[in-house]
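Just below is one structure, and these are the notes that go with it.
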2 protein chains.
Amino acid sequence: MTTTRKITSLDVAKRAGVSRSAVSRVFTPGASVSERTAIKVREAAHALGYRPNVLARAMLTGKSKIIGLVVAYLDNHFYPTVLELLSEALEREGYHVLVFMAAHSADDVEDVVSQILDYQVDGLILASVALSSDMADRCRASGVPVVLFNRKLEAEGELAVVSDNRMGGRLAADHLISLGRTRIGHIAGWEGASTQRDREAGFMEGLRAAGLGLFARELGDYRLPRAKEAARRMFDTPDHPDAVFVANDYMAFGVMDVLRSELGLSVPGDVALIGFDDVPSAAWPAYSLTTIKQDAEAMVTTTVSALLSEINGTEVTSPAPLPVTLVRRTSA
Amino acid sequence: MTTTRKITSLDVAKRAGVSRSAVSRVFTPGASVSERTAIKVREAAHALGYRPNVLARAMLTGKSKIIGLVVAYLDNHFYPTVLELLSEALEREGYHVLVFMAAHSADDVEDVVSQILDYQVDGLILASVALSSDMADRCRASGVPVVLFNRKLEAEGELAVVSDNRMGGRLAADHLISLGRTRIGHIAGWEGASTQRDREAGFMEGLRAAGLGLFARELGDYRLPRAKEAARRMFDTPDHPDAVFVANDYMAFGVMDVLRSELGLSVPGDVALIGFDDVPSAAWPAYSLTTIKQDAEAMVTTTVSALLSEINGTEVTSPAPLPVTLVRRTSA
DNA sequence: TTCCTCACTGCATGCGTTTGCAGGAGACTG
DNA sequence: CAGTCTCCTGCAAACGCATGCAGTGAGGAA
């Protein structure tokens, strides 16, 4: 550990023959400095390898330029995609992402959010986890803008970016019905999630509109092993559904695996399958999963702009649910 | 924006009737405080919702408790897994992960690393990107420990955690040969990566040991579309390989898709396929990909302990390459 | 009682910046 | 040439906390 002494603005100032203030101003866009000193300072800074200490700046200005991101699991490929997009979009705006993993138990989330607040983050994005209103209050008290990503809260206070999940469920139902299927089942995600409730509500609405009822229902909790068990239970009988709406693609892969590999059923011959999200692998020929596409890019763009507006003091209201589309592949 | 004034240790001190120092000590494990004042302080802190400002502490102590993680792409499922594991492991140690996305061009990495340094991170993990030795120097000059994850540098100076990629390549070759295949091809990853070089070296060694040469070789750059094109080129002829070692699972999925869906070849009937990594989806029946397993958990554990040792001032040398194993499924 | 020890506490300083304020130096006008 | 303006610069005071140092008091030993 050749711990070279840290170089501060003072070192640069001395070398350039100016004051610390001058150095600071050179690195502060929009500050008043003459070109002459700017050059001297930049030269000295470069020679010494100086870069302003973001943390010190953060203390003084109160803006840390870091955004906390809470995310529960990364095994559902939708979230890595989102994380990548989010991080890139925020980096473009001069922010960076501090990641916090949280199993989706509520307690855990509270705890994690507290930890984040310790870092004086400028904003907080909660991806697919719920926030108690108590916690929301604490955040607001700290002056930290929060936006919920792909989940909304019953209490309407919070900023939330979601797709039009109800419409998505409706599209799924309509499509399966248009295929002539009549014994239609649903494998649900986690019932604590607004996405699940909305998707299912839209789906049921579609069934009702066609005079159909739900033929079977099982719970998958948005987890792969659970979804596979759900599929096994649902298809344990000869009188099984001829179509299933699975609440997200990730589970749908597991369901399709069970149907084809364990039960010898053909998709879509014996049973049509439709998912939700349109993760990249849904397009892979091995699955070729028909699904309801969430526009991840639009969701991210919306999230970032809402968050930044709020950070800059603009009062913002939750944007309208983002449109979803049916992507027809061969599974339905 | 009801920007409530931020509550500082001074507020707590006043309410508890003690000095700021006392408050600070209560929140500093191992400091000398009487139980009586500790209780008073904790009470006041809780009542006010006070939590120490990590950034202010960081300035003073020089330890920010944040670890920078540079990662190029998240679409290869190996990395989300790693990110999740890393973040969890570090959180357990009281650290948090600041994410930086970098396309894998070298310039970009330099730039990104500079940005990270601005945050006074306590350590840096570079996942699958290379670090120029110039940059490495800058990090060392800043006193920031760096560890390369799943990539090593020619210059032996840097701490690097890798699997035994050479052995992995060797295992892949041996397995294909044991299957009686003779026209064996290779779809390579990015040639700038040490992983690629080592895997291929081991693979070639295995072929040579059996008196075989490489039947065909194409470049996939660790990217899905490139890998598919590579597969198309390689199988454009009736006289195509009867086995292929693909440099990672992610590309292998694409290759398998091309073989089965576009070219009507059967796997492993017409061509045996073996990948590298053992990402979760390799086990999915739709692919059932035989592969060389990298122990992500062990890699992460090793990375974290090496990094923390270095942070705590212990001189550390690169750990030995971690063992890999052949996971036999049905694709080979 | 007196002295010493020890556990605790407060004071004051410093970490590396930004920024309001006031002063200095030109540049320009008349 | 004096006066005014503009532009730039340095000073010093924050930001919220940790920590060495000196000082307080209580308790024990003699």
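Proteins get letters first, then strands, A, B, ... in listed order; numbering begins at 1 in each.
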Give a yes-or-no answer on whether the side chains of A/Gln120 and A/Ser64 include a donor-acceptor pair shorter than 3.5 Å. no
Select base, sugar-phosphate, or nothing to describe what B/Val23 touches, counting heavy atoms under 4.0 Å on all strands. nothing
Taking only the side-chain heavy atoms of B/Arg25 (C-beta and beyond), determine which of D/dG10, D/dA18, C/dG10 contains the nearest atom. C/dG10
Rounded to whole Å, the NZ-C1' distance (B/Lys40 to C/dC8) equals 12 Å
By nearest heavy atom, map B/Glu35 and A/Thr61 onto DNA chain C; which one lands nearer the 5' end? B/Glu35
Measure from CG on B/Asp118 to C1' on C/dT18 and round the result to the nearest Å. 16 Å
Check the angle between the aromatic planes of B/His96 and A/Phe100 and answer parallel, tilted or perpendicular using the 30° and 60° thresholds. tilted
At a cut-off of 3.5 Å, list every protein nitrogen or oxygen paired with a nitrogen or oxygen from nucleotides 15-17 of chain C, distance to 0.1 Å.
{"residue": "C/dT17", "atom": "OP1", "partner": "A/Tyr50", "partner atom": "OH", "Å": "3.2"}
{"residue": "C/dT17", "atom": "OP1", "partner": "A/Asn53", "partner atom": "N", "Å": "3.4"}
{"residue": "C/dT17", "atom": "OP2", "partner": "A/Ser9", "partner atom": "N", "Å": "2.7"}
{"residue": "C/dT17", "atom": "OP2", "partner": "A/Ser9", "partner atom": "OG", "Å": "3.2"}
{"residue": "C/dT17", "atom": "O5'", "partner": "A/Tyr50", "partner atom": "OH", "Å": "3.4"}
{"residue": "C/dT17", "atom": "O4", "partner": "A/Arg20", "partner atom": "NH2", "Å": "3.2"}

Taking the six-membered ring of A/Tyr73, is NZ or CZ of A/Arg223 closer than 6.0 Å to its centre and within 45° of its axis? yes
Without decimals, in angstroms, what is the distance between B/Phe27 CZ and D/dT19 P? 15 Å
Can we say B/Glu35 and B/Arg42 salt-bridge, meaning some charged N sits less than 4.0 Å from an Asp/Glu carboxylate O? yes
Can a donor-acceptor pair be found between the side chains of A/Ser34 and A/Thr37 at a distance below 3.5 Å? yes
So, for A/Lys6 and A/Asp11, which heavy atoms are closest and what is the spacing to 0.1 Å? O-OD2, 3.8 Å
Global bending angle along the helix from C/dT1-D/dA30 to C/dG30-D/dC1, which compares the axes of five pairs at either end, to 10 degrees: 40°
Let me know the distance between CD1 of A/Ile39 and C1' of D/dC8, rounded to the nearest Å. 15 Å
Ignoring hydrogens, what is the shortest heavy-atom contact between B/Ala47 and B/Arg15? Give both atom names and the distance. CB-NH1, 3.5 Å
Can you tell which of C/dG10, D/dG10, C/dT9 lies closest to the side chain of B/Val33? C/dT9
Gap between atoms OH and P, on A/Tyr119 and D/dG16 respectively (whole Å): 19 Å
Taking only N and O in the side chain of A/Thr37, is any of them less than 4.0 Å away from OP1 or OP2 of D/dT9? yes
If you define the side chain from C-beta out and look only at heavy atoms, does anything of A/Phe149 sit under 4.5 Å from A/Leu126? no
Side-chain H-bond candidate by donor/acceptor type, A/Tyr119 with B/Asn53, under 3.5 Å: no
